[in-house]
Structure formats: C-alpha cells, structure tokens
Undergrad: 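Let me begin by handing over the structure; questions about it come next.
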Amino acid sequence: MTLPTTALGTGGPVVGSQGLGCMGMSEFYGPTDTAEALATLDAALAAGVTLFDTADVYGSGHNEELIGPFVRANRDRVVLATKFAIERRADDPSYRGVRNDPAYVRAAVDASLRRLGVEVIDLYYMHRRDPRVPLAESVGAMAELVQAGKVRHLGLSEVTGDELRAAHAVHPIAALQSEWSVFSRDVERTAVPAAAELGVAFVPYSPLGRGFLTGAFTAAEQLAADDYRRSHPQFSGENAARNAALVAPIQKVAAERGVTAAQVALAWVHQRAEVHGLTVVPIPGTRKRTRLAENTAAATLRLTAAELAALEPVAGQVTGDRYADMTFTSAGRE
Ligand SMILES: NC(=O)c1ccc[n+]([C@@H]2O[C@H](COP(=O)([O-])OP(=O)(O)OC[C@H]3O[C@@H](n4cnc5c(N)ncnc54)[C@H](OP(=O)(O)O)[C@@H]3O)[C@@H](O)[C@H]2O)c1
C-alpha cells in the first residue's frame with residue numbers, strides 16, 4: 001500500500017500521513033544492524049513515507065550523518081526534519097543541557113547542514129525549550145534561518161499551548177512534535193488544542209510508547225545494558241509490571257481485529273487527532289523493514305467506537321512519569 005498524503009500544517013509541506021523516526025538507528029534502543037536500518041529508509045520511501053525525523057543530538061551527530069546519503073539521493077522526495085537545542089558533552093555521556101540562544105541556533109543549523117550534506121533543512125525544530133531565553137528571541141533566530149534559505153519551515157517540540165501561541169505570533173510554526181500515544185496524553189490538555197486552533201500539524205513522537213505498547217518488552221531488565229529505556233520511570237520497578245498489564249486492552253483489540261498491537265496504537269493516534277480536529281503525522285521509529293510495513297499499514301486502519309472506548313481509560317492508569325526530569329517536557333511547565 002502507499003500512504004495517503006497530508007499537509008504538514010497551514011502552508012507546510014505535503015507529506016505521507018506517517019513519517020519515520022530515525023533516532024533508534026543511532027542510539028538509545030539497543031544494537032542496530034546498519035544495513036537493515038538503511039534498507040528501512042528506502043522501504044519507507046517506497047511505501048509513501050516522506051517525513052524523515054532526526055536530530056543533532058541522536059548519537060551526537062551520528063544519526064544526521066547516517067541518513068545524509070539517503071536524503072541526498074532522494075532530495076526532491078524526502079521532507080527532512082531535524083532539531084537543535086539539546087547539548088551534550090563528550091566527557092560526560094549522561095549530561096544534557098538545553099540551549100535556545102540565537103548564537104547557538106545559528107551554529108547548530110550550520111553543523112546540521114554540514115553533517116547531513118544538504119543545503120536546506122525542510123523542517124527545523126527547537127527540540128527543547130530553555131525558559132531562560134525569551135521565546136521571541138529564539139524563534140526570531142529560527143525565522144532568520146528561513147530568510148537565509150537554510151531552513152524551509154519551523155517546528156517546536158515539547159512546548160505548552162501558550163508557548164506555541166507565542167512562537168506562532170513571531171513566525172508561522174508548521175509542526176509541533178511531542179509525545180502522544182494511548183499511554184501518554186498530557187499534551188491533550190493545552191498543546192493539542194492550541195495546535196488545532198492555529199492550524200499547526202502535530203507530529204506525535206513515541207506513538208508506540210518506545211516499543212512498550214507493542215508488547216515487545218514488559219520490563220526494563222529485559223533490555224540491553226546500555227538501552228536508554230532501562231532508566232525510564234514507566235518501565236522500571238513496580239511501574240513496569242503495572243504498566244505492562246495496561247497493554248492488555250490494546251492486545252485484546254488487536255487480537256479481535258486480526259492486527260498487531262503496534263497497529264492499534266498507531267490507529268489510535270490518527271483517530272484521536274480527528275476528535276481534536278487537527279492534522280497528525282505520527283513518526284513511529286523502526287530499524288526494520290518488516291516493522292515498517294506493519295506500521296505503514298496501520299495508517300489506514302479504523303478502530304470502531306467500541307474499540308476506542310476500550311482504550312480510553314488506559315492513559316489515566318499509567319504510573320510513572322514519561323521522563324525522569326519532567327521540566328524537560330511541556331507538562332513540566334504547564
Ligand atoms: N522530539 C522529541 O523529544 C523526541 C523524543 C523521542 C523520539 N523522538 C522521535 O520520534 C521517533 C519515534 O519515537 P521512538 O522511537 O522514541 O518510539 P516509538 O516509535 O514509540 O517506538 C520505537 C520502538 O518500537 C519498536 N517498534 C517499532 N515498530 C514496531 C512494531 N511494529 N512492533 C514491535 N516493535 C516495534 C522499535 O524497535 P525496532 O527499531 O527494533 O523496530 C523501537 O524500539 C524517534 O525515532 C525520534 O525520531 C522525538
């Protein structure tokens with residue numbers, strides 16, 4: 001099948017209705033077969049996926065370098081999204097800083113363009129908000145990148161509804177990328193309504209709950225020693241067992257429909273967006289062609305009202321925050 005297309009926000013590029021998250025190809029989710037990951041990029045494009053999502057921080061530049069040749073080989077078809085704002089340190093792998101100051105924005109875009117080997121980024125996101133820098137200054141610096149021809153469209157990640165409105169007043173924002181899934185619905189409080197009101201597209205990240213909603217693992221201990229999810233509050237200790245039990249309603253709907261839990265989770269995001277009246281382009285992450293095909297097929301799966309009702313209470317029962325440090329997220333600033 002080929003994916004339907006949709007406009008990524010008012011005035012934004014037209015993209016396949018599901019994108020591909022490339023983060024796991026470099027870091028965070030255990031060992032990667034690079035040849036299979038690169039084959040997955042090609043398979044995605046062939047299936048109608050056009051929005052490819054990376055960030056400068058994924059593998060400290062590795063992810064941009066990895067997908068660069070694929071992007072260049074298909075430059076007229078790929079809608080390339082990358083991000084700036086999360087700073088790392090070579091001497092301390094666990095360090096994460098947030099930088100939104102204009103000098104940092106200007107340096108970051110040039111570094112991303114160099115690693116990707118392209119002349120322009122289609123969608124450039126501020127990955128995290130640094131409340132110490134006035135938003136108008138940061139978005140103003142991003143707008144200058146559009147004027148300079150280095151960036152085509154602007155996006156934000158993990159901002160509140162008010163922050164999105166303030167940014168949109170400085171320069172049109174095409175897309176808001178934040179976590180949104182059957183398990184994780186805090187964005188429905190302010191960010192989703194603001195995006196709907198402004199005509200900003202929503203790009204749900206981790207729509208599969210980092211793989212947890214698929215039943216692929218039920219506790220952090222099952223993951224590789226260096227897997228980022230080992231430190232995730234929802235997958236650790238007592239939370240893991242409680243939350244794993246909450247995957248059961250998703251699996252039940254999947255079994256009754258003859259589809260997979262991943263497909264139900266993706267269909268849920270598409271249909272939940274309809275309720276709020278906004279465009280969504282989820283970006284499930286995978287490094288495998290089989291999963292890409294499975295996930296792509298979910299974009300046109302329709303859940304019934306009864307199935308949606310069965311999934312409605314799930315998020316309210318999840319225990320544990322979606323990040324160890326919630327000030328890193330929109331929910332932490334609401
Ligand atoms: N803006 C932000 O702050 C932010 C934060 C996190 C992520 N992101 C972006 O969003 C993208 C997606 O989020 P995510 O990767 O965190 O989580 P996700 O899409 O919810 O889940 C990815 C995980 O699920 C597995 N998976 C994928 N399809 C599957 C299927 N059909 N059945 C079973 N397992 C499946 C993947 O493993 P395999 O690779 O082995 O298939 C991977 O471990 C990322 O790649 C990144 O580009 C953005």
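On a predicted model such as this, the values are computed, not experimentally measured, just so you know. Whatever order the structure lists ligands and atoms in, that order sets their numbers, starting from 1.
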Undergrad: Purely on distance, is any nitrogen or oxygen of P284 under 3.5 Å from one on ligand 1?
TA: no

Undergrad: Y58 vs H127 aromatic rings, parallel, tilted or perpendicular, using cut-offs 30° and 60°?
TA: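 Judged by the thresholds at 30° and 60°, the geometry between Y58 and H127 is perpendicular.
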
Undergrad: Are any of the N/O atoms on G24, whether in the backbone or the side chain, positioned under 3.5 angstrom from an N/O atom of ligand 1?
TA: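 The answer is no, given that G24 and ligand 1 share no N or O pair closer than 3.5 Å.
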
Undergrad: Which residue owns the protein heavy atom closest to atom 21 (O) of ligand 1, what's the atom, and how far is it?
TA: G211 N, 3.3 Å

Undergrad: Ignoring hydrogens and geometry beyond distance, is a side-chain donor-acceptor pair present between D92 and S94 at under 3.5 Å?
TA: yes

Undergrad: When you measure from atom 22 (C) of ligand 1 to every protein heavy atom, which one gives the shortest distance, and what is it?
TA: G285 O, 3.3 Å

Undergrad: Just which atoms of ligand 1 are under 4.0 Å from any heavy atom in D53?
TA: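 Close to D53: 9 (C), 46 (C), 47 (O).
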
Undergrad: In terms of side-chain heavy atoms, does T319 have a donor or acceptor partner in Q234 at a distance below 3.5 Å?
TA: no

Undergrad: Please work out, at 4.0 Å between heavy atoms, whether the side chain, the backbone, both, or neither of C22 comes within that distance of ligand 1.
TA: backbone

Undergrad: Who's the nearest protein heavy-atom neighbour of atom 44 (C) of ligand 1, and how far?
TA: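 Here the closest protein heavy atom is M23 CB, 3.7 Å.
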
Undergrad: Check whether any N or O atom of S157, backbone or side chain, sits under 3.5 Å from an N or O atom of ligand 1, and answer yes or no.
TA: yes

Undergrad: Check whether more than 12 heavy atoms from other residues, nucleotides or ligands sit under 6.0 Å from atom NZ of K288, and answer yes or no.
TA: yes

Undergrad: Anything under 30° is parallel, anything over 60° is perpendicular, the rest tilted; go ahead and classify W268 against W180.
TA: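 Perpendicular.
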
Undergrad: Regarding E179 and S206, do their side chains bring together a donor and an acceptor under 3.5 Å, going by distance alone?
TA: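 S206 and E179 do not have a side-chain donor-acceptor pair below 3.5 Å.
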
Undergrad: Hey, do the aromatic rings of F84 and Y125 have their centres closer than 6.0 Å?
TA: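 They do not qualify: ring centres at least 6.0 Å apart.
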
Undergrad: Closest by any non-hydrogen atom to atom 11 (C) of ligand 1: pick that one out of T286, D227, I283.
TA: I283

Undergrad: So which protein heavy atom does atom 18 (P) of ligand 1 come closest to, and at what separation?
TA: S206 CA, 3.6 Å

Undergrad: Heavy-atom distances under 4.0 Å decide this one: backbone, side chain, both or neither, for N295 against ligand 1?
TA: side chain

Undergrad: What do you reckon, does Y323 put a non-hydrogen atom under 4.0 Å from ligand 1?
TA: yes

Undergrad: For ligand 1, is any non-hydrogen atom under 4.0 Å from E294's backbone (N, CA, C, O), its side chain (CB onward), both, or neither?
TA: side chain

Undergrad: Scan side-chain atoms only and decide if T54 and N63 contain a donor-acceptor pair under the 3.5 Å cut-off.
TA: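 There is such a pair between these side chains.
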
Undergrad: Can you tell me which portion of M25 lies within the under-4.0 Å heavy-atom range of ligand 1? Options are side chain, backbone, both, or neither.
TA: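 Looking at M25 and ligand 1, no heavy atom falls under 4.0 Å.
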
Undergrad: Any idea which protein heavy atom is nearest atom 6 (C) of ligand 1, and the distance to it?
TA: Y205 CD1, 3.3 Å

Undergrad: Tell me which one of R289, R322, R229, Q263 gets a heavy atom nearest to atom 43 (O) of ligand 1.
TA: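 When every heavy atom of R289, R322, R229, Q263 is considered, R229 comes closest to atom 43 (O) of ligand 1.
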
Undergrad: Note the single closest protein heavy atom to atom 40 (O) of ligand 1, along with its residue, its atom name and the distance in Å.
TA: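 Answer for atom 40 (O) of ligand 1: K288 NZ, 2.3 Å.
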
Undergrad: Under a plain distance cut-off of 3.5 Å, with no hydrogens placed, do Q222 and T218 share a side-chain donor-acceptor pair?
TA: yes

Undergrad: Return the residue, atom name and 0.1 Å-rounded distance of the protein heavy atom closest to atom 32 (N) of ligand 1.
TA: R291 NE, 3.6 Å

Undergrad: Please could you name the atoms of ligand 1 that R287 approaches to less than 4.0 Å, counting only its heavy atoms?
TA: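 Matching atoms, with element in brackets: 38 (P), 39 (O), 40 (O), 41 (O).
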
Undergrad: Take the angle between the ring planes of Y228 and Y29 and call it parallel below 30°, perpendicular above 60°, tilted in between.
TA: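 If you compare the ring of Y228 with that of Y29, the planes turn out tilted.
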
Undergrad: Relative to ligand 1, is R128 under 4.0 angstrom through side chain, backbone, both or neither, heavy atoms considered?
TA: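 Answer for R128: side chain.
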
Undergrad: Output yes when the distance from some N or O of ligand 1 to some N or O of K83 is under 3.5 Å, and no in every other case.
TA: no

Undergrad: Quiz question: by atom type and distance under 3.5 Å, do the side chains of R289 and T40 form a donor-acceptor pair?
TA: no

Undergrad: Just which atoms of ligand 1 are under 4.0 Å from any heavy atom in H127?
TA: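 The list of qualifying atoms is 1 (N), 2 (C), 3 (O).
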
Undergrad: Just how far is it from atom OG1 of T214 to atom CD of Q263, taken to the nearest 0.5 Å?
TA: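 Spacing of OG1 (T214) from CD (Q263) equals 11.5 Å.
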
Undergrad: Mind listing the closest non-hydrogen atom pair of R75 and V78 along with its distance?
TA: NH1-O, 3.2 Å

Undergrad: Of the listed options (Y58, F52, Y29), which comes nearest to atom 8 (N) of ligand 1 when hydrogens are ignored and any heavy atom counts?
TA: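 Closest candidate by heavy-atom distance is Y58.
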
Undergrad: Give me the residue, atom name and distance of the protein heavy atom closest to atom 20 (O) of ligand 1.
TA: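 Result for atom 20 (O) of ligand 1: L208 N, 2.7 Å.
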
Undergrad: If I apply the N/O under 3.5 Å rule, does A216 come out as touching ligand 1?
TA: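 Such a contact does not occur with ligand 1.
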
Undergrad: With a cut-off of 4.0 Å, which atoms of ligand 1 are near a heavy atom of Q177?
TA: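 So the answer, numbered in order with elements, is 1 (N), 2 (C), 4 (C), 8 (N), 9 (C), 48 (C).
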
Undergrad: Please could you name the atoms of ligand 1 that G21 approaches to less than 4.0 Å, counting only its heavy atoms?
TA: 11 (C), 44 (C), 45 (O), 47 (O)

Undergrad: Can a side-chain donor-acceptor contact be found between D325 and T327 if the only test is distance below 3.5 angstrom?
TA: yes

Undergrad: State the atoms of ligand 1, each with its element, that fall below the 4.0 Å cut-off from a heavy-atom position in P207.
TA: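 Those qualifying, in numeric order: 19 (O), 20 (O).
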
Undergrad: Are any of the N/O atoms in A262 less than 3.5 Å from those in ligand 1?
TA: no

Undergrad: So, E27 and H62: side-chain donor and acceptor under 3.5 Å apart, yes or no?
TA: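 There is no such pair between these side chains.
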
Undergrad: So for M126, does at least one of its heavy atoms come nearer than 4.0 angstrom to any atom of ligand 1?
TA: no

Undergrad: Just by distance, no angles: are the side chains of Q177 and D53 close enough, under 3.5 Å, to form a donor-acceptor pair?
TA: yes

Undergrad: Would E294 and T260 count as having a side-chain donor-acceptor pair, cut-off 3.5 Å?
TA: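 Note: E294 and T260 side chains meet the donor-acceptor criterion.
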
Undergrad: Take every heavy atom of E158, measure it against each atom of ligand 1, and state whether any distance is under 4.0 Å.
TA: no

Undergrad: Taking NZ, NE, NH1 and NH2 as the nitrogens, is one of them in E158 or R129 under 4.0 Å from a carboxylate oxygen of the other?
TA: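 No, no charged N to carboxylate O under 4.0 Å.
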
